[in-house]
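See below for the structure under consideration.
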Amino acid sequence: MTKIKITTTQNIDIEYELATVFDRILAWCIDFLLIVGYVGLASALTSILFRNPSGYAYVAFVTPIALYHLISEWVLNGRSLGKIALGIKVVRLNGSPPNPGSYFVRWFMRGIETFPFFFFGAIGVATVMLNPKGQRLGDVMAGTTVIKINRKVRMGDTIMSKTQSDYEPLFPGAISLKDRDINTLNEVLHIYRLENNRKLLNITANKVCHVLGIVPPSHLNAEGFIRTVIRDYNHLS
């Protein structure tokens, strides 16, 4: 199991399990089958609707195929349908969310990497296997990699969880945080449950105290404090 450490925008180090080359190949195979299905359906519809298809019809036919990976990863937050099925997604190594430029570079380089000059993607596969960060050439240029995210999500892991209408927040300053901050806190709690990583938990709690400008509360341990901040944020936002 290969892991990678990514420093979030809140300067918190979180370890993720890298997607294996087999995960990525299987995800690609699923996407490829979906594209083949689309080609078959689109061809049938084109032959039915148009006796002599124009150039515009062919452009409309080919465009979704050419842009599939770019659009799907952009719209689905770093995932194609194949990646969703395998529980993997694209992330940036600097901890910030991938932007349209990152997805474009990966998409553009994917086209180059599948040229015969690159042995139809074989060099890209070899790069993923040899690169310690699990990056193909497109990932190297975009500053991204692909991680595993296939875990059961509980209500407590999501950004928005329910609070009672009469709930009184203990830390009103939590409203100054952002959704990505709360996602990070939930991820830290998840890692703590899996690995009992108390050091990461304490570092995160101290960082949150610093950001909110408060003294670490004596009546709450690090886990309780983080959960309270998440609850306060949910109630106030």
Side-chain angles (χ1 to χ4, degrees), residues 1-2 4 16-92 97-131 133-154 157-158 183:
M1 181 187 300
T2 305
I4 186 171
Y16 295 96
E17 184 179 353
L18 284 172
T20 67
V21 66
F22 301 106
D23 293 327
R24 298 177 70 159
I25 290 175
L26 286 175
W28 180 87
C29 288
I30 292 173
D31 290 327
F32 179 75
L33 290 176
L34 291 172
I35 291 174
V36 169
Y38 163 79
V39 170
L41 179 61
S43 298
L45 290 175
T46 301
S47 63
I48 293 173
L49 298 176
F50 305 98
R51 291 186 177 181
N52 296 306
S54 66
Y56 294 107
Y58 284 112
V59 170
F61 175 80
V62 172
T63 299
I65 300 173
L67 299 180
Y68 168 76
H69 286 283
L70 173 63
I71 294 175
S72 62
E73 289 186 356
W74 187 358
V75 173
L76 299 176
N77 191 27
R79 299 173 296 172
S80 63
L81 296 178
K83 287 185 175 68
I84 290 175
L86 268 294
I88 60 179
K89 70 174 294 186
V90 179
V91 296
R92 295 193 72 187
N99 54 40
S102 303
Y103 296 132
F104 177 81
V105 171
R106 296 186 81 257
W107 169 78
F108 180 78
M109 288 302 298
R110 182 191 299 275
I112 295 178
E113 289 177 67
T114 54
F115 279 177
F117 178 77
F118 284 93
F119 301 98
F120 300 100
I123 291 181
V125 171
T127 304
V128 172
M129 297 178 68
L130 297 175
N131 188 295
K133 298 178 181 179
Q135 298 172 290
R136 63 177 176 85
L137 299 178
D139 286 316
V140 173
M141 295 189 65
T144 59
T145 190
V146 180
I147 62 170
K148 292 187 176 183
I149 58 170
N150 52 342
R151 62 183 179 91
K152 294 181 179 179
V153 178
R154 305 185 306 179
D157 293 331
T158 60
N183 277 327

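All residue numbers refer to positions in the sequence shown, counting from 1.
Partners of Asn99 under the side chain to side chain donor-acceptor pair (under 3.5 Å) rule, at least two apart in sequence or in another chain, are Ser102. The salt bridge (Lys or Arg N to Asp or Glu O under 4.0 Å) test applied to Arg92 returns no partner, not counting sequence neighbours. With sequence neighbours excluded, the residues satisfying side-chain contact (heavy atoms from CB on, under 4.5 Å) with Leu67 are Thr63, Leu70, Ile71, Trp107. Partners of Arg79 by side chain to side chain donor-acceptor pair (under 3.5 Å), not counting sequence neighbours: none found. Arg136 is linked by a side chain to side chain donor-acceptor pair (under 3.5 Å) to Glu113, counting only residues two or more places apart in sequence or in another chain. In this structure, the side-chain contact (heavy atoms from CB on, under 4.5 Å) partners of Ala42, at least two apart in sequence or on a different chain, are Tyr38, Phe61. Taking the side-chain contact (heavy atoms from CB on, under 4.5 Å) definition, one finds that Val91 meets it with Ile6, Lys89, Thr145, Ile147, sequence neighbours left out. Partners of Phe119 under the side-chain contact (heavy atoms from CB on, under 4.5 Å) rule, at least two apart in sequence or in another chain, are Ala122, Ile123.
Sorted by first and then second residue, the side-chain hydrogen bond (donor to acceptor under 3.5 Å, both in side chains) pairs involving residues 65-76 (not counting sequence neighbours) are Asp31-Tyr68, Glu73-Lys83, Glu73-Arg106.
Here the closest heavy-atom approach between residue Ile88 and residue Ile149 is recorded as N-CG1, 4.1 Å. Nearest approach of Ala85 to Ile30, heavy atoms of both residues: CB-CD1, 3.8 Å.
Looking at Leu76 and Leu81, their side chains come closer than 4.5 Å, going by heavy atoms from C-beta outward. Side chains of Thr20 and Lys148 form a contact here, defined as non-hydrogen atoms less than 4.5 Å apart.
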query = Step by step, would you call Cys29 with Ile25 a side-chain contact (heavy atoms from CB on, under 4.5 Å)?
reply = CA-CA 6 Å; Cys29 288; Ile25 290 175; 4.2 Å; yes
